[in-house]
Each structure stands twice: as C-alpha cells, then as structure tokens.
Peer 1: 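Sharing a structure below in structure tokens format, with a few things to ask.
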Amino acid sequence: MDRPTFLMTDPACFDVSYRINPWMDPKGWTPAHAQAAGDGSAALRAGLLAAGAHVETIAAVKGLPDLVFPANAAVVLDGKVLLARFRHPERQGEEPVFRSVFQRLKTRGLVHQIVDLPAGLFHEGAGDAIWDAERRVFWCGYGPRSSQGAIGVIRKTFGQQTVALELATDQFYHLDTCFCPLTGGKVLYYPAAFTPDALATIRARVPESQRIEATAEEAAAFCVNAVNLDAKVIMARAPDSLRTKLRARGYRLVEVDLDPFILSGGASYCMTLRLDRTLVPAAQLHAAE
Ligand code: ARG
C-alpha cells in the first residue's frame, strides 16, 4: 500500500435503533437522517480521496447499523489485525462480519495476519487503541467499552509500547472521541473525558507546547474524532473556536457534515479504519540518517 488506506462501510443500513451510549436517541431518528447519512459518508470518502488516500468500502448488513464505524473492528499495525470483541450484544453481530472482511483483505495481501483477543476481554479496536506515529506508542483507552486487561494483549501482539488512559465518562466512551494525536506531535484532546490519573499521564508525555485542548462544545461536536493526514484534519463541522485554534498551529481543517453519525456517537475517525500503518524498521531509519 503506497497510499494511506482506509476501510469504510456503505451506510445503507445505518440508523439509530438502540441506545448503547448517551448520544443515541432512537426516537429522534428520521428517514431524513438516513438520506443525510449517505451524503455525509460520501463527503467523508471524497475528503479522504482528495487528501490522497485510498478507501476500501465494505457492504452494509441489515440489522447491524453500527457497522459504519469500522474503527471499532480491530487494531491494525504492520499488516497484523487484532480483532475486536464488543462490550454490547447490539454490536457483537459485527464480529463475524469483520472477521470475514479481514480474511478477504488477507487474500488480497492488504493485511497479513489475523489475531484473536483472548476470552474474557473486551476491546473495541482502533477506537480505543490509537497509534501515535510520532511517539511510536499506542494510546489505549479503557473503562466504558474496552477492558484494561486487553492493553497488555495489544502490547504483546504488536511489540509496541502502550499507554493506558482510563476514560471517566459515558459520553466519551471511546478514546477516539476525546483524543487525537496529530502530525508533528501535537495532540488534540478533551481533558474532562479523562480520570485525573489519565490526564496526568497525558500531560507527562505531551509537553504543554504540544497540547491542544478541546472545549466541551468542540468535543460535543465530535471534532476530536478526526482523521489526520499530514497537515489536513478531516472532521465533523467545527465551531469557530476550534478552526482558529488548529489553523494557528498550521493545520488545515476539512469539515464534513456528519450530523446523522453524531446522533450515534461517532464521526470521521470512527467511520474509518486505517489499514496501512507500518513501522519503518529502525535499521532503515538509521540508514537514512
Ligand atoms: N453507536 C456506536 C457505539 O456506540 C458509535 C461508535 C463510534 N465509534 C467510535 N470509535 N467512537 O458503539
């Protein structure tokens, strides 16, 4: 894969028909939202393509509305896929679907190895294990959805450092709703989503000059749930305050209307799963110096 490659799901079967996080209100869902979801997903795909990415799209499955959030399907690095196990029965039906998706991707050489999570653990994929390419660590959220015990599995599976961050609220139930590492080492995050210990961990690892704190309004607009490609940050429609903040730091916002997905508690990062992340071998790095 010579380009950033993302998995996305056809949104044809997306709706809000159950409630497994506080943003979801099945009574508020209307057919107009379904139409808007199609448009929003297409606009996100167009934004990724315009940023030079490739998008692999999988088919929708009736009865699995949250299949549109493939970030939760697995943790992927170096062609290795650690399959997710969902906390809520409502999403567990996605597990065999994503397993066969990855098996097909393996046949095509897009991934190389598929690994199962040990029994008794929950883990919701890249939503709770965010690869920080600058620091070479997985930032790992746990609490509302993913088990703390799954973090050691991630460390061993990928042979990479992990940093555990406990999530303090039901609103920000996946790490990707409140934490986004950016090109150049800056980190956009929403402090109130974390326990005091987790916040201290973030601040110990990310110097103040690299921290960009989101406000409650910016976090509730799901703008921290962003896809970053070089200077571009692709996100849901942003409040002016965030536009100003990110532009001042040299980032370019690409905004997409993802309102129907926000009604499900998700936006651009979780509507995608990055498949091509690799570690440049240390030997190669030194050779380039
Ligand atoms: N309705 C979905 C859920 O609650 C939204 C998932 C959003 N995904 C994410 N990685 N934040 O599971």
Side-chain angles (χ1 to χ4, degrees), residues 6-9 11 13-29 33-34 36-37 40-41 44 58 60-61 63-76 82-95 97-98 122-131 138-147 150 154 165 167-181 188-190 193-194 214 218-228 234-236 256 258-275 277:
F6 293 89
L7 196 66
M8 284 187 72
T9 306
C13 297
F14 172 65
D15 64 18
V16 179
S17 46
Y18 52 74
R19 180 180 168 93
I20 56 171
N21 72 54
W23 308 93
M24 299 177 86
D25 173 16
K27 286 198 214 78
W29 182 262
H33 288 126
S41 174
L44 176 59
I58 63 165
V61 176
L64 297 176
D66 282 341
L67 203 71
V68 295
F69 300 113
N72 298 126
V75 184
V76 184
L82 177 63
L83 292 172
R85 183 169 304 116
F86 288 92
R87 167 89 53 182
H88 294 292
E90 288 85 342
R91 294 199 68 182
Q92 286 165 358
E94 296 175 40
E95 291 170 21
V97 177
F98 281 124
F122 295 108
H123 194 269
E124 299 200 354
D128 268 334
I130 304 181
W131 178 245
F138 275 112
W139 295 95
C140 294
Y142 69 94
R145 296 290 181 91
S146 298
S147 317
I154 293 172
L165 300 174
L167 301 172
T169 71
D170 283 339
Q171 279 77 23
F172 299 96
Y173 55 93
H174 281 141
L175 183 63
D176 67 5
T177 63
C178 52
F179 189 90
C180 181
L188 173 64
Y189 71 111
Y190 177 49
F194 296 92
E218 293 159 2
F222 272 78
C223 292
V224 183
N225 191 262
V227 175
N228 174 217
I234 305 170
M235 61 170 64
V256 182
L258 297 175
D259 285 357
F261 299 96
I262 293 174
L263 288 177
S264 187
S268 74
Y269 178 94
C270 46
M271 292 170 68
T272 63
L273 176 66
R274 184 99 188 244
L275 298 176
R277 295 271 196 203

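Note: hydrogens, waters and symmetry copies are ignored here, and every other heavy atom, side chains too, is used. Start at 1 and go down the list; that is how both ligands and their atoms are numbered. Starting from 1, each residue takes its place in the sequence as its number. Every value quoted in this text rests on a predicted model; they were computed, and no experiment measured them.
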Peer 1: Determine, using heavy atoms of Arg145 and all atoms of ligand 1, whether some pair is separated by less than 4.0 Å.
Peer 2: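 Within the 4.0 Å threshold, so yes.
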Peer 1: Output, in order, the C-alpha distance, side-chain angles, deciding distance and verdict of side-chain contact (heavy atoms from CB on, under 4.5 Å) for Tyr189 and Val224.
Peer 2: CA-CA 7 Å; Tyr189 71 111; Val224 183; 5.5 Å; no
Peer 1: Is Tyr173 in contact with ligand 1, taking contact as a heavy-atom separation below 4.0 Å?
Peer 2: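 Distance cut 4.0 Å: Tyr173 passes for ligand 1.
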Peer 1: Just checking, is any N or O donor in the side chain of Ser264 or Asp66 under 3.5 Å from an acceptor N or O on the other one?
Peer 2: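 The criterion, which ignores hydrogens and geometry beyond distance, is satisfied for Asp66 and Ser264.
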Peer 1: Tell me, which protein residue and heavy-atom name are nearest atom 2 (C) of ligand 1, and how many Å apart are they?
Peer 2: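 The answer is Asp66 OD2, 3.2 Å.
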Peer 1: So if I count the atoms of ligand 1 from 1 in the order they appear, which ones are less than 4.0 Å from some heavy atom of Arg91?
Peer 2: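 Contacts of ligand 1 toward Arg91, numbered from 1: 2 (C), 3 (C), 6 (C), 12 (O).
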Peer 1: Among residues at least two apart in sequence or on other chains, which ones pass ring-ring contact (aromatic ring centres under 6.0 Å, His included) with Phe122?
Peer 2: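 Phe122 satisfies ring-ring contact (aromatic ring centres under 6.0 Å, His included) with no residue once adjacent residues are dropped.
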Peer 1: Side chain, backbone, both or neither: which part of His88 comes within less than 4.0 Å of ligand 1 when only heavy atoms are counted?
Peer 2: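 Looking at His88 and ligand 1, no heavy atom falls under 4.0 Å.
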Peer 1: At what distance is the nearest protein heavy atom to atom 11 (N) of ligand 1, and which residue and atom is it?
Peer 2: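 Among all protein heavy atoms, the one nearest atom 11 (N) of ligand 1 is Asp176 OD1, 2.8 Å.
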Peer 1: If we only count N/O pairs under 3.5 Å, is Asn72 in contact with ligand 1?
Peer 2: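 Yes - when backbone and side-chain N and O of Asn72 are compared with those of ligand 1, one distance drops under 3.5 Å.
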Peer 1: Give the atoms of ligand 1, by number and element, whose distance to some non-hydrogen atom of Thr177 is under 4.0 Å.
Peer 2: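 Those atoms are 11 (N).
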Peer 1: Using the side-chain hydrogen bond (donor to acceptor under 3.5 Å, both in side chains) rule, pick out the option among His88, Glu94, Glu95 that qualifies with Arg91.
Peer 2: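 Between Arg91 and the candidates, side-chain hydrogen bond (donor to acceptor under 3.5 Å, both in side chains) is satisfied uniquely by Glu94.
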Peer 1: If we ignore hydrogens and angles and just use 3.5 Å, is the side chain of Tyr173 paired with the main-chain N or O of Ile20 as donor and acceptor?
Peer 2: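 A pair under 3.5 Å: no.
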Peer 1: List every atom of ligand 1 that sits less than 4.0 Å from any heavy atom of His174, numbering the atoms from 1 in the order shown and giving each element.
Peer 2: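 In order of number, 8 (N), 9 (C), 10 (N), 11 (N).
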Peer 1: Pick whichever of Ser264, Pro70, Cys178, Gly141 has a heavy atom sitting closest to atom 1 (N) of ligand 1.
Peer 2: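 That would be Ser264.
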Peer 1: Out of curiosity, Thr177 OG1 to Asn225 CG, how far, rounded to the nearest 0.5 Å?
Peer 2: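 Spacing of OG1 (Thr177) from CG (Asn225) equals 7.0 Å.
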Peer 1: Residues two or more places apart in sequence or in another chain: which of them pass ring-ring contact (aromatic ring centres under 6.0 Å, His included) with Phe179?
Peer 2: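 Expected list: Trp139.
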Peer 1: Within ligand 1, which atoms have a heavy atom of Met24 less than 4.0 Å away?
Peer 2: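 Taking each heavy atom of Met24 in turn, ligand 1 has 1 (N) under 4.0 Å.
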